[in-house]
Amino acid sequence: MDAAQKLFDEMPHKDELSWTTIITGYIRNDDLHGASQVFDGMNNEKQVVAWNAMISGYMHKGFVSESLEMSKKMNLLGIKFDAFTYTSILSACANAKLFLHGKQIHAYMIRTVINPSHHFLYSVNNALITLYWKCGKTDDARKIFDRMPIRDLISWNNILSAYVDVGRIEEARLVFTKMPEKNHVTWSVMISGFAQNGSGEEGLKLFNQMKSTECQPCDYSLAGAIKSCAAIASLNHGRQLHAQLIQSGFESSLSASNSLITMYARCGVLQDSQSVFLTMPCLDSVSWNAMIAAFGQHGHGAQAIELFEEMLKEDIVPDRITFLTILSACSHSGLIDQGQRYFNSMKDSYGITPGEDHYGRLIDLLCRAGKFTEAKNVIEKLPFYPGAPVWEALLGGCRIHGNMELGVEAAERLFELIPDHDGTYILLSNMYSNSGKWNDAAQVRNLMRSRGVKKEPACSWIEVDNMVHVFLVDDTKHPEVQKVYEYLEELVSKMRKLGYVPDTKFVLHDMENEQKEYALSTHSEKLAVAFGLLKLPSGAMIRVFKNLRICGDCHNAFEFMSQVVERDIVVRDGKRFHHFRNGKCSCGNYW
DNA sequence: ACCGCCACCC
């Protein structure tokens, strides 16, 4: 840059282009100060290109307010914005999620721009779609898209992303099929969109489809496919993708490696997560967050904290997600004091204002530990009107400790806030049936039925020989389920000799005791574990996954089972991992 | 010169 500057200084006659070139040169070298010095040193007839160079430079480097300030000055001087100016400042607003400001610029533009050029139609409208998409205004983004007289691939990709981001996956799918052309971005967005919305299966299918097109997988689409494996816990496919990643030369991609950390953790092989983490040539905060989360989900709170402290020592700045992660980790391991300390340090030491989700984790931390007075205190002093995450955390804690009074209160709030959410009805009715209040339990279920709320059916699955085997409660569909029931019976009688007693308080409907014990023995997680024990080579770890939370009796049963069969059993439920070994679970019964 | 994709938390 020094040489360029010298050459520039020696130029006898400098025109607008040479000034602008030197400015963009500084910006490319991350030297915004240098750029602004050159800009300020320009003679008075600064034209729109020079202004644009500065504005887009600030925008790209994340200096949103500087970028917008410059555009205001420019406007005051009477210099008209062109398509580049609008694109930059709209993007600045999009990046910072400045909805109102962006909307003002949009309105101003409509008032002042009479005959938009083609350039204008593409880039500015695409930036507008992005603005509304990033601010969560999906339908406004769609309006822009629909009103565009001509669209390019970026317009299509933007509207696709807008739907994916808010989980409107069916509309995204529609856009995807209608698109006149597709590129890497298109495929990547759709693949990770499926993964994000719990359709890992479809994500992988799409990834395979992509391979048969002229678009070959890039690091983004690979990351999406790996994320899909994490969602469905398909370790075999995940390992294959890891190999493919290395083969295709993307092993140094941060996003792909970061997704590997999560994938291995969510497939139950924490060691592999760690070896990815340890061998990565460089790490960013996402990598640290992923590894901390991995420890947390596996119940290794102390290790999560250790890593978090190491992260701070390495001068990696923790972000909102780091705190969500560390709070969860503390919560799962019952590290209440540390969790509270970290929560307080968010704002005090890092200037991050805790969001509702952070408060949710804090309340979860307290309630799990039975500290309901403290939790209520937090709720009363909330700086905002408590929403669903707060009451869900409270209800979850109440269920664990059988705190009926507070639980009912939380459930009532949730019925108002999210009446279609099945989890509230299930938790409340479980609380009632756990304490033998069968009538109340039935009433809650009736309420649920009358409102047309469907319960997500419980299912568990296990991967054997590269195939995923799914079991439902009281399964009759799996071809070998009969053998599984027989084997399970055999196991239970051995377990009973060691002291296992089916805990019928986890049965949800009132019936005779014998029936209750039978009902427990048909839980999907028991079937999947028994199937694994039958099919996997002796000594191999059993890794079972369940969509909902593990049942208390199953948890108890697996402790005994791990002792009887002398094997490690790992169960991932909706929230975390349980490692059963020699009659004990890694969660220490704190979950 | 300007507009689009990722990974971490759910």
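Proteins get letters first, then strands, A, B, ... in listed order; numbering begins at 1 in each. Keep in mind that the numbers below use all heavy atoms, side chains included, and drop hydrogens, waters and symmetry copies.
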Base, sugar-phosphate, or nothing for S56(A), non-hydrogen atoms under 4.0 angstrom?
-> nothing

Residue pairs fulfilling ring-ring contact (aromatic ring centres under 6.0 Å, His included) with at least one residue in residues 184-228 of chain A, sequence neighbours excluded | F176(A)-W187(A)

Is the Lys NZ or Arg CZ of R151(A) less than 6.0 Å from the centre of F145(A)'s six-membered ring, within 45° of the axis?
-> yes

Report which part of the nucleic acid A53(A) touches: base, sugar-phosphate, or nothing (heavy-atom distance under 4.0 Å, all strands).
-> nothing

Is the F277(A) to W288(A) ring centre distance short of 6.0 Å?
-> yes

Would you say the side-chain atoms of N158(A) and S161(A) include a donor-acceptor pair closer than 3.5 Å?
-> no

Under 4.0 angstrom, heavy atoms only, what part of the nucleic acid is V49(A) near: base, sugar-phosphate, or nothing?
-> base

With a non-hydrogen cut-off below 4.0 angstrom, is N52(A) in contact with a base, only sugar-phosphate, or nothing?
-> base

Check: N258(A)/N289(A) side-chain N/O donor and acceptor closer than 3.5 Å | no

K182(A) near the nucleic acid: base, sugar-phosphate alone, or nothing, with a heavy-atom cut-off under 4.0 Å?
-> nothing

Is atom NZ of K211(A) surrounded by more than 12 heavy atoms (other residues, nucleotides or ligands) closer than 6.0 Å?
-> yes

Quick one: label W133(A) by what it contacts on the DNA or RNA (base, sugar-phosphate, nothing), any heavy atom closer than 4.0 Å.
-> sugar-phosphate

Give me the residues of residues 201-229 of chain A where at least one heavy atom lies under 4.0 Å from an atom of DNA chain B, by number, or none.
-> Y220(A), K227(A)

Under 4.0 Å from any heavy atom of chain A: name the first and the last nucleotide of DNA chain B that qualifies, 5' to 3'.
-> dA1(B) to dC10(B)

Heavy atoms under 4.0 Å, any strand shown: does M291(A) hit a base, just sugar-phosphate, or nothing?
-> nothing

May I ask you to say what D357(A) touches in the nucleic acid, namely base, sugar-phosphate or nothing, with a heavy-atom cut-off under 4.0 Å?
-> nothing

Looking at every strand, decide which applies to H60(A) at a 4.0 Å heavy-atom threshold: base, sugar-phosphate, or nothing.
-> sugar-phosphate

Could you tell me the separation between the CD1 atom of I379(A) and the CH2 atom of W391(A), rounded to the nearest 0.5 Å?
-> 5.0 Å

Atom pair OG/OH of S273(A) and Y264(A) - distance to nearest 0.5 Å = 8.5 Å

Contact class for R320(A) (heavy atom, under 4.0 Å): base, sugar-phosphate, or nothing?
-> nothing

With sugar-phosphate meaning primed atoms plus P, OP1 and OP2, does T24(A) contact a base, only sugar-phosphate, or nothing at under 4.0 Å between heavy atoms?
-> nothing

Which is true for Q297(A) with a 4.0 Å heavy-atom rule: it touches a base, it touches only sugar-phosphate, or it touches nothing?
-> sugar-phosphate

Audit row: D364(A), R368(A), salt bridge (charged side-chain N to carboxylate O under 4.0 Å, His left out) steps and yes/no = CA-CA 6 Å; D364(A) 181 70; R368(A) 254 175 222 282; 2.9 Å; yes

How would you label the contact of T262(A) with the nucleic acid (heavy atoms, under 4.0 Å): base, sugar-phosphate, or nothing?
-> sugar-phosphate

